[in-house]
Amino acid sequence: MSKLGNLGARLHRGEVGYDFVKNRKIWYGLSILITITAIVGLAVRGLNMGIEFEGGAVFNTPKNTSASVSQAEEYAEQASGHDAIVQKLGDGSLRIQVAGIDTDAANTIKNTLADDLKVDSEQINAELVGPSWGEQIANKAWQGLGIFLVLVVIYLAIAFEWRMALAAFVALIHDITITVGIYALVGFEVTPGTVIGLLTILGYSLYDTVVVFDSLKEQTKDITKQTRWTYSDVANRSINSTLVRSVNTTVVALLPVAGLLFIGGGVLGAGMLNDISLSLFVGLAAGAYSSIFIATPLVADLKEREPQLKALRKRVVAKRAQSAGKGDTEVPGDDESYDGEPEDAAPAVVGPRNQPASRTRGRGRPSGKRR
């Protein structure tokens with residue numbers, strides 16, 4: 001077995017682990033700081049909305065145009081009086097986007113660009129994009145997002161409980177806010193591809209969260225019938241037992257997305273890939289983070305407000321203090337792990353629990369000696 005596989009097995013058995021729930025205030029503070037930064041960036045810089053949302057014109061030049069990207073951008077801005085986005089395509093042609101212009105202005109800009117680039121105006125293909133189409137796309141995206149969040153909350157409330165549904169909802173809003181804020185800070189163009197990527201990451205984020213919640217639900221059955229573990233202890237065990245799985249899933253998903261973002265978009269200059277790959281990259285990373293550091297610790301906080309689990313915590317703390325006072329150096333959980341079996345369940349041997357061992361020895365089971 002590999003070292004990573006061995007670590008995963010030890011995490012699953014509870015032999016090793018990190019106390020994520022105990023340090024939840026650190027994660028909450030870090031998430032609040034990141035979220036505030038994203039909101040400030042969104043409020044100050046705003047989103048760089050693509051031509052599909054603002055309307056405008058797209059000019060495609062002939063193949064092997066001699067002008068560079070910077071020259072074409074300068075020509076387009078001088079001709080239109082608006083900011084222009086220029087991309088060089090694989091065949092050597094240029095794709096020039098100018099937002100906020102009408103049909104008459106597009107014809108004038110087309111003729112000016114033809115003179116500046118020293119090509120025939122008939123060889124430049126101009127396409128007009130109306131803002132109403134982009135507005136419809138944006139409205140449909142918001143509607144889809146709202147319906148998705150409502151259905152997720154309803155499903156999790158039925159499959160698990162309302163506290164887990166609320167924690168998952170907070171984690172999803174956390175992921176969306178960070179992703180949109182990063183777009184504002186970086187200045188990448190927001191296109192329909194961005195919207196697709198944004199909706200896609202919600203599924204990945206929800207998957208990681210549900211995996212931990214399912215383990216937590218399974219391990220907390222009849223938890224109040226024992227006095228060894230608090231709900232936070234079991235929640236922490238659930239995170240650790242699924243940690244390697246979550247990390248592996250996230251890394252495997254991030255590798256091809258990173259290839260699109262850094263190689264396809266950065267090295268090859270395929271700007272269209274940046275639109276969807278950045279949202280996927282940031283969203284996948286934020287989703288893995290929120291499922292481990294936000295959603296499950298938040299569930300533990302909400303659950304331990306219940307009277308039964310609050311009383312359980314007091315009993316567990318008192319029992320541990322009593323064990324420490326007797327000089328018992330064994331920490332509950334180092335050798336054993338809670339798997340849903342109540343500690344105070346009926347003993348396997350019938351009879352009083354404090355009955356001397358000599359009176360029960362040999363009854364109902366072999367002594368181990370050979371006859």
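For the single chain, residues carry numbers from 1 onward in sequence order. Note that the structure is predicted; figures quoted are calculated from it, not measured.
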TODO: Provide the closest heavy-atom pair for A235 versus A300 in the form atom of the first, atom of the second, distance.
DONE: CB-CB, 4.2 Å
Task: Cluster link V186 to I39, ILVMFWY, side chain under 4.5 Å - done: no
Task: Under 3.5 Å donor-acceptor, R45 side chain and L185 backbone - done: yes
TODO: Check for a donor-acceptor pair, side chain of Y28 on one end and backbone N or O of L298 on the other, with a separation under 3.5 Å.
DONE: yes
Open item on the list: Could you work out, with salt bridge (charged side-chain N to carboxylate O under 4.0 Å, His left out) as the rule, every residue matching E306, not counting sequence neighbours?
Closed with: R163, K303
Task: Minimum-distance pair of heavy atoms, taken over all atoms of I173 and T177 - done: O-OG1, 2.8 Å
- [ ] Any chance you could measure L166, atom CG, to L156, atom CG, to the nearest 0.5 Å?
- [x] 10.5 Å
- [ ] Indicate yes or no: at least one non-hydrogen side-chain atom of R313 is less than 4.5 angstrom from one of S232.
- [x] yes
Task: Atom of V98, atom of A84 and distance for their closest heavy-atom approach - done: CG2-CB, 4.1 Å
TODO: For Q308 and T224, indicate whether the former's side chain and the latter's backbone hold a donor-acceptor pair under 3.5 Å.
DONE: no
- [ ] Evaluate side chain to side chain contact (heavy atoms under 4.5 Å, CB included) for Y289 paired with I178, printing each intermediate quantity in order.
- [x] CA-CA 12 Å; Y289 170 84; I178 290 179; 5.9 Å; no
Open item on the list: Are Y183 and V40 connected into the same hydrophobic cluster when the rule is that any two of I, L, V, M, F, W, Y join if their side-chain heavy atoms are below 4.5 Å apart?
Closed with: no
Task: Close side-chain approach of D120 and P62, heavy atoms under 4.5 Å - done: no
- [ ] Taking atom types as modelled, find out whether S68 and S70 have a side-chain donor-acceptor pair closer than 3.5 angstrom.
- [x] yes
- [ ] Check whether any side-chain N or O of S215 sits under 3.5 Å from a backbone N or O of V212 as a donor-acceptor pair, and report yes or no.
- [x] no
Task: Separation between CG of L30 and CG of N23, rounded to the nearest 0.5 Å - done: 12.5 Å
- [ ] Would you sort out whether L312 and Y231 count as a side chain to side chain contact (heavy atoms under 4.5 Å, CB included), showing the intermediate values?
- [x] CA-CA 8 Å; L312 172 63; Y231 191 93; 5.6 Å; no
Open item on the list: Could you check whether any side-chain N or O of Q226 sits under 3.5 Å from a backbone N or O of I223, counting only pairs where one atom can act as donor and the other as acceptor?
Closed with: yes
TODO: Following the transitive rule for hydrophobic clusters with a side-chain heavy-atom cut-off under 4.5 Å over Ile, Leu, Val, Met, Phe, Trp and Tyr, establish whether L302 and V210 coincide in one cluster.
DONE: yes
Open item on the list: Side chains of T61 and L117, heavy atoms from C-beta outward: is any pair under 4.5 Å?
Closed with: yes
Open item on the list: Please identify which of these residues, T209, D175, D208, T296, meets the side-chain hydrogen bond (donor to acceptor under 3.5 Å, both in side chains) condition with S290.
Closed with: D175
Task: Separation of I109 CD1 from I96 CD1 (nearest 0.5 Å) - done: 10.0 Å
Task: Where A285 and L254 come nearest, the two heavy atoms and their spacing - done: N-CD2, 4.4 Å
Task: Check against side chain to side chain contact (heavy atoms under 4.5 Å, CB included), I154 and I158 - done: CA-CA 6 Å; I154 294 175; I158 296 174; 3.9 Å; yes
Task: Check: W27 side chain, F20 main-chain N or O, donor-acceptor pair, under 3.5 Å - done: yes
- [ ] Locate the shortest heavy-atom distance separating L202 from L172; write the atom from each residue and the value.
- [x] O-CD2, 3.8 Å
TODO: Check whether any side-chain heavy atom of N60 sits under 4.5 Å from a side-chain heavy atom of E127, and report yes or no.
DONE: yes
Task: D115 side chain near T112 side chain, heavy-atom distance below 4.5 Å - done: no
Open item on the list: So does A159 get a backbone contact from the side chain of K217, meaning a donor-acceptor N/O pair under 3.5 Å?
Closed with: yes
- [ ] Report whether L145 and I196 are members of the same hydrophobic cluster (ILVMFWY, side-chain heavy atoms less than 4.5 Å apart, transitive linking).
- [x] yes
Task: CG on L216 to CZ on R237, rounded to 0.5 Å - done: 11.5 Å
Open item on the list: Please evaluate residues F169 and V152 with respect to the criterion side chain to side chain contact (heavy atoms under 4.5 Å, CB included), reporting the C-alpha separation (whole Å), side-chain torsions for both, the decisive distance (0.1 Å), and the verdict.
Closed with: CA-CA 8 Å; F169 177 79; V152 163; over 6 Å; no
Open item on the list: If I take atom OG1 from residue T242 and atom CG from residue D214, how far apart are they, to the nearest 0.5 angstrom?
Closed with: 10.0 Å
Task: K319 side chain reached by R315 side chain, heavy atoms, under 4.5 Å - done: no
TODO: Specify the closest pair of heavy atoms between G283 and I201, including all atoms of both residues, with the distance to one decimal.
DONE: CA-CD1, 3.5 Å
Open item on the list: Closer than 4.0 angstrom, basic N to acidic O: yes or no for D233 and R320?
Closed with: yes
Task: Euclidean distance, F59 CZ relative to Q97 CD, rounded to 0.5 Å - done: 11.0 Å
Open item on the list: Grouping I, L, V, M, F, W and Y whenever their side-chain heavy atoms are under 4.5 Å apart, do V252 and V257 come out in a common cluster?
Closed with: no
